[in-house]
Engineer: 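First, the structure itself, so that you have it in front of you.
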Amino acid sequence: MEKKTDLKNLTLEELTDFVRSMGEKKFRAAQIFRKMYAGADSFDDMKELPAAFREKLKEAAALSMVEMKQRQISSDGTRKYLFAIAGGEAVETVFMQYHYGGTVCVSCQAGCRMGCAFCASGINGLTRNLTAGEIVDQILHVQKDAGERISHVVFMGTGEPFDNYEEVSKALRLLHEPKGFGLGARHITVSTCGLVRGMERFARDFPQTGLAVSLHAPSDEIRRQLMPVAKSVSMKELLEASRRYTETTHRRITFEYALIDGVNDRPEHAEMLASRLKGMLCHVNLIPLNTVEEKQYRSARREQAEAFARILEDKGVQVTIRRSLGPDIQAACGQLRLADANRP
Ligand code: SAH
C-alpha cells in the first residue's frame with residue numbers, strides 16, 4: 001500500500017496542489033485546512049466536502065500522524081502527554097496554564113543528540129527528527145484535550161530545534177498561517193542550546209518569534225562540563241550571536257540558566273554572568289534544576305537562587321526565577337524524554 005500523505009505536513013499552497021492533483025477545486029483545500037485546524041479528527045467531520053471526495057481522501061491522506069497514548073495530570077494542573085509517532089517511538093508534550101493563557105511545550109525530535117549532562121532528553125541519543133506535521137499535531141491534540149484555546153507555544157520539549165531547522169521552521173509557518181492555527185509570532189518561543197548558525201537563520205527568517213538560549217554557565221569552563229555543544233561554540237561566540245540577534249530583531253533575548261548546586265549557583269558565578277551580559281537586551285530565566293533520576297546533579301536551594309537573582313538585578317540584568325510546573329509527573333524542564341510508545 002502506498003504511504004498516505006500527512007495533510008498536517010502541508011502548507012495551504014501544498015494542500016491546494018494536492019487537492020488539485022485529485023481533480024478537485026482549489027476552494028476544497030481551504031475548507032479542509034480550516035476544519036483541520038479547528039480540530040477535525042476525521043474526513044467525515046468535514047461535511048462540506050462531497051461524500052465521494054471524502055472517500056478518496058480516506059484512501060490517499062491521513063489527518064493525524066501522532067496518537068495520544070497516555071496523559072498525566074499534575075496537582076498543579078499541568079498535563080503531560082505521550083504521543084506515539086510512526087516508527088514505534090513516542091514523544092512527550094506538556095500543557096501548562098498561565099494567567100495569559102494555555103501554553104504547549106512541544107517536542108521537535110524523538111530524543112536529542114546534544115547530550116547536556118543534566119537533561120533527560122538526550123539520555124538515549126537522537127532517534128529521529130519530527131516532521132512539521134508531527135510538531136503541529138501535538139498542539140492540536142492538546143488543545144482539544146485541554147478544551148482551551150492554546151495561546152502560546154514554546155519549543156522547549158525534547159530535541160534541539162535548530163538541529164531540525166527545516167521542519168521546525170515549517171511548523172512555525174503553519175502555526176502562523178492566519179487561515180489555519182493563526183498564532184501570532186510573538187506568542188511562540190524557540191529555545192536553543194546555542195547553535196549559532198541556526199540562531200542567525202532564525203533571526204532572518206522569524207524576526208518576530210521569541211528566542212531563548214540555554215546558557216547555564218557564566219564561563220566556558222563550566223559550560224563545557226555541562227553542555228557538549230560548548231566545546232564547539234565558545235561563550236564569546238554565543239554571546240556575540242545573541243547580540244546580533246537583538247540588533248537585527250530589536251527583540252529581547254531570554255537566557256535560560258538552570259541552577260545546579262555547587263556547580264554554577266555561587267555568588268561569584270552570578271557576578272561573572274552579570275558582567276558578561278551587561279548592556280544586553282536580555283532577560284535571565286533562572287530554573288532551579290529539576291531532578292533527573294539518572295543524573296547526579298542537584299538543584300540549588302531556594303535561598304541560593306534568590307541570592308543569585310539579587311546579584312544580577314543589582315547589576316542591572318533583568319531576571320526571574322522560573323516556577324517549576326509538573327515536577328510530580330516528570331513534566332518539568334529537562335525531565336521530558338524519549339519514551340517507548342508501548343509503555344503501559
Ligand atoms: N534543546 C533546546 C530546547 C530544550 S528547552 C535547548 O537546549 O534550549 C528545555 C530547557 O530546559 C533548556 O533550557 C534545558 O537546558 C533546560 N533543562 C534541561 N534539563 C533540565 C533540568 N534537569 N532542570 C532544569 N532545566 C533543564
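Whatever order the structure lists them in is the order used to number ligands and atoms, beginning at 1. This chain uses plain numbering: 1 for the first residue, then up along the sequence. Worth knowing before you read on, the calculation uses all heavy atoms, side chains too, and leaves out hydrogens, waters and symmetry mates.
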Engineer: For Gly159, take its heavy atoms, then give the atoms of ligand 1 lying under 4.0 Å from any of them.
Structural biologist: 1 (N), 2 (C), 3 (C)
Engineer: How close do Gln208 and Ala185 get, counting heavy atoms only, and between which atoms?
Structural biologist: CB-CB, 3.5 Å
Engineer: Using a 4.0 Å cutoff against the non-hydrogen atoms of His216, which atoms of ligand 1 qualify?
Structural biologist: 13 (O), 14 (C), 15 (O)
Engineer: What protein heavy atom sits nearest atom 11 (O) of ligand 1, and how far off is it?
Structural biologist: Cys333 CB, 3.5 Å
Engineer: How close does the nearest protein non-hydrogen atom get to atom 7 (O) of ligand 1, and which residue and atom is it?
Structural biologist: Ser214 OG, 3.3 Å
Engineer: For the residue pair Phe162 and Tyr165, does the interplanar ring angle fall in the parallel (under 30°), tilted (30 to 60°) or perpendicular (over 60°) class?
Structural biologist: tilted
Engineer: So if I count the atoms of ligand 1 from 1 in the order they appear, which ones are less than 4.0 Å from some heavy atom of Val292?
Structural biologist: 22 (N)
Engineer: So, using side chain to side chain contact (heavy atoms under 4.5 Å, CB included) as the criterion, who are the partners of Pro50 when residues are at least two apart?
Structural biologist: Arg28, Phe53
Engineer: For His152 and Tyr100: C-alpha separation, side-chain torsions, deciding distance, then whether ring pair (Phe, Tyr, Trp, His ring centres under 6.0 Å) applies.
Structural biologist: CA-CA 9 Å; His152 289 77; Tyr100 48 75; 4.5 Å; yes
Engineer: Would you mind listing which atoms of ligand 1 come within a distance below 4.0 Å of any non-hydrogen atom of Asn290?
Structural biologist: 21 (C), 22 (N), 23 (N), 24 (C)
Engineer: Can you tell me which portion of Thr192 lies within the under-4.0 Å heavy-atom range of ligand 1? Options are side chain, backbone, both, or neither.
Structural biologist: backbone
Engineer: Hey, could you give me the CG/OG distance between Asp6 and Ser64, rounded to the nearest 0.5 Å?
Structural biologist: 7.5 Å
Engineer: Write out the residue and atom name of the closest protein heavy atom to atom 9 (C) of ligand 1, then the distance separating them to 0.1 Å.
Structural biologist: Met156 O, 3.6 Å
Engineer: Which ligand 1 atoms does Gly157 reach within 4.0 Å, using its non-hydrogen atoms?
Structural biologist: 4 (C)
Engineer: If the cut-off is 4.0 Å to any non-hydrogen atom of Cys119, which atoms of ligand 1 fall inside it?
Structural biologist: 18 (C), 19 (N)
Engineer: What part of Glu256, side chain, backbone, both or neither, has a heavy atom within less than 4.0 angstrom of ligand 1?
Structural biologist: side chain
Engineer: Of all residues at least two apart in sequence or in a different chain, which pass the side chain to side chain contact (heavy atoms under 4.5 Å, CB included) check with Lys58?
Structural biologist: Phe43, Asp44, Glu55
Engineer: When the ring planes of Tyr257 and Phe308 are compared, do they come out parallel, tilted or perpendicular, using 30° and 60° as the limits?
Structural biologist: tilted
Engineer: Does atom CD of Glu268 have more than 12 heavy-atom neighbours from other groups under 6.0 Å away?
Structural biologist: yes
